[in-house]
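To start, the structure itself, in structure tokens.
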Amino acid sequence: MGQEDDGDRMPEDLEAVLEAADEADEAEKAERGRYDAPPLPPALILGVVGLLCGFATIALV
């Protein structure tokens, strides 16, 4: 058999190949869904960080 014939052959363990493809699809969907919310406004982030720093300063004093 030549090298070109190898591309037309079916893999020996077709179920394992299909399961790996399904797992890859599920992982891709999970990764895409992780960041579907819009980012928080920078002013809100700065306000929360400022409050936390203020509380930490008061707690240390």
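As a basis for the values below, the full set of heavy atoms in this structure was taken, side chains included, without hydrogen atoms, waters or symmetry mates.
Separating the OG1 atom in T57 from the CG atom in L52 is a distance of 10.5 Å, to the nearest 0.5 Å.
Cluster annotation: I58 and L51 are assigned to distinct hydrophobic clusters (Ile/Leu/Val/Met/Phe/Trp/Tyr, side-chain heavy-atom contacts under 4.5 Å, transitive). Residues F55 and V48 do not share a hydrophobic cluster, defined by chaining ILVMFWY side chains whose heavy atoms lie under 4.5 Å apart.
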